[in-house]
> 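Next up is a structure, given as structure tokens.
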Amino acid sequence: MTRPWILPTLLVLSGSAVATAQLLKGSPGTATALLMAFLALAGMNSPLIFPRSIGAQEAQRRSAADGRPIVFWRPGCKYCIRLRIRLGRSTRQLYWVNIWRDPEGAATVRAANDGNETVPTVVVAGRPHTNPDPEWVREQLAPSH
């Protein structure tokens, strides 16, 4: 079982240690900048920024039943983060599959992208769209959701 909190926690702890060392050297500006960088990295890898991921098979089953798009993503991907942020509250209307936690999801993405794990890959009505514009993704959501 993977533990999604390990990397963000390690980043926060490491950043705190590095920042403390810089403070002790008398460099508060450097300490602040480094701590902010580590916190940003931790945030980008935090499971809190994305809705709970499900497996590719379950996402495909649910999408076939209700027509909601599937987003294949991975932690730390700036384009995935951009999509997530720009979708705002609409985020919960999609099914999210973390390809680093789901081998079948990773295989689906590779099949859609000439063997590459390019994310976000959004599947709408069975058709993959690589790194689509967030506004386009929002337009694909049914108004009843």
Side-chain angles (χ1 to χ4, degrees), residues 1-22 27 29-145:
M1 180 167 126
T2 60
R3 291 179 173 77
W5 289 102
I6 291 176
L7 181 59
T9 302
L10 287 175
L11 287 168
V12 169
L13 292 174
S14 299
S16 298
V18 170
T20 300
Q22 289 299 312
S27 301
T30 302
T32 302
L34 285 169
L35 182 58
M36 297 309 284
F38 275 89
L39 290 175
L41 286 171
M44 288 174 34
N45 288 284
S46 171
L48 293 177
I49 195 167
F50 290 95
R52 170 166 271 175
S53 287
I54 60 175
Q57 195 171 44
E58 179 64 15
Q60 291 163 348
R61 185 189 68 73
R62 291 181 187 184
S63 180
D66 63 17
R68 292 184 185 190
I70 303 168
V71 179
F72 292 91
W73 70 284
R74 66 172 170 74
C77 166
K78 67 181 180 180
Y79 302 105
C80 297
I81 293 169
R82 177 190 78 140
L83 177 64
R84 164 56 187 101
I85 291 170
R86 296 221 8 233
L87 286 174
R89 291 179 186 218
S90 302
T91 295
R92 305 229 181 264
Q93 296 179 27
L94 298 107
Y95 299 114
W96 294 78
V97 178
N98 178 345
I99 66 167
W100 282 0
R101 295 182 73 190
D102 187 82
E104 188 177 328
T108 299
V109 170
R110 286 192 303 272
N113 293 294
D114 300 319
N116 298 308
E117 291 185 353
T118 307
V119 289
T121 296
V122 179
V123 176
V124 177
R127 295 195 56 214
H129 304 271
T130 304
N131 196 16
D133 181 82
E135 194 58 40
W136 179 85
V137 174
R138 187 178 289 113
E139 291 169 3
Q140 305 313 303
L141 300 173
S144 63
H145 292 143

> From Ile54 CD1 over to Asn98 CG, what is the distance, rounded to the nearest 0.5 angstrom?
12.0 Å
> Answer whether the closest heavy-atom distance between the side chains of Trp96 and Arg84 falls below 4.5 Å.
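Of all side-chain heavy-atom pairs linking Arg84 with Trp96, at least one is under 4.5 Å.
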> Can you tell if the side chain of Val137 reaches within under 4.5 Å of the side chain of Leu87, non-hydrogen atoms only?
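A side-chain contact under 4.5 Å exists here.
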> For Pro69 versus Gln93, what's the shortest heavy-atom pair and its separation?
CD-O, 4.4 Å
> Just jot down the side-chain contact (heavy atoms from CB on, under 4.5 Å) partners of Ser14, sequence neighbours excluded, or say none.
Phe38
> Test Thr130 against every option in Asn113, Asn116, Thr118 by the side chain to side chain donor-acceptor pair (under 3.5 Å) rule and name the one that passes.
Asn113
> Supply the atom-to-atom distance Leu83 CG to Thr91 OG1, rounded to the nearest 0.5 angstrom.
7.0 Å
> Closest heavy-atom contact between Trp73 and Cys80?
CB-SG, 3.6 Å
> Where do Tyr79 and Val119 come nearest, in terms of heavy atoms and distance?
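For Tyr79 versus Val119, the nearest heavy atoms are CB-O, 4.2 Å.
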> Suppose we screen for side-chain contact (heavy atoms from CB on, under 4.5 Å). Which residues come up paired with Leu34, at least two apart in sequence or across chains?
Val18, Gln22, Thr30
> Is there a side-chain contact between Tyr95 and Ser53 in this structure, where contact means two heavy atoms from C-beta onward sitting under 4.5 Å apart?
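The answer is no, as the side chains (C-beta and beyond) never meet within the 4.5 Å cut-off.
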> What's the verdict on side chain to side chain contact (heavy atoms under 4.5 Å, CB included) for Val122 and Gln140, showing C-alpha distance, side-chain angles and the deciding distance?
CA-CA 10 Å; Val122 179; Gln140 305 313 303; over 6 Å; no
> For residues 120-129, which residue pairs qualify under salt bridge (Lys or Arg N to Asp or Glu O under 4.0 Å), counting only residues two or more places apart or in two chains?
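Applying salt bridge (Lys or Arg N to Asp or Glu O under 4.0 Å) to every pair that reaches into residues 120-129, excluding sequence neighbours, yields nothing.
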> How many angstroms lie between atom CD of Glu135 and atom CD of Glu139, to the nearest 0.5 angstrom?
5.5 Å
> Short question: side chain of Asp66, backbone of Arg68 - any donor-acceptor pair under 3.5 Å?
yes
> With heavy-atom distances below 4.5 Å as the criterion, would you say the side chains of Ser63 and Ile70 are in contact?
yes
> How would you list all residue pairs meeting ring-ring contact (aromatic ring centres under 6.0 Å, His included) that involve residues 116-139, not counting sequence neighbours?
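Listed once each, the pairs are His129-Trp136.
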> Which residues satisfy the side-chain contact (heavy atoms from CB on, under 4.5 Å) test with Pro128, sequence neighbours excluded?
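side-chain contact (heavy atoms from CB on, under 4.5 Å) list for Pro128, sorted by chain: Ala112, Thr121, Val123.
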> Show the nearest heavy-atom pair for residues Ala56 and Phe72, with the distance to one decimal.
CB-CE2, 4.0 Å
> Glu117: which residues meet the side-chain hydrogen bond (donor to acceptor under 3.5 Å, both in side chains) condition with it, sequence neighbours left out?
Arg110
> Compare every heavy atom of Ser90 with every heavy atom of Leu141, then report the nearest pair and how far apart it is.
CD1-CB, 3.6 Å
> What's the shortest heavy-atom distance between Pro120 and Val71, and which atoms?
CB-CG1, 4.2 Å
> Who are the side-chain contact (heavy atoms from CB on, under 4.5 Å) partners of Arg86, not counting sequence neighbours?
Arg82, Asp133, Pro134
> Identify, with sequence neighbours excluded, every residue that meets side-chain hydrogen bond (donor to acceptor under 3.5 Å, both in side chains) alongside Glu104.
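Applying side-chain hydrogen bond (donor to acceptor under 3.5 Å, both in side chains) to Glu104 gives none.
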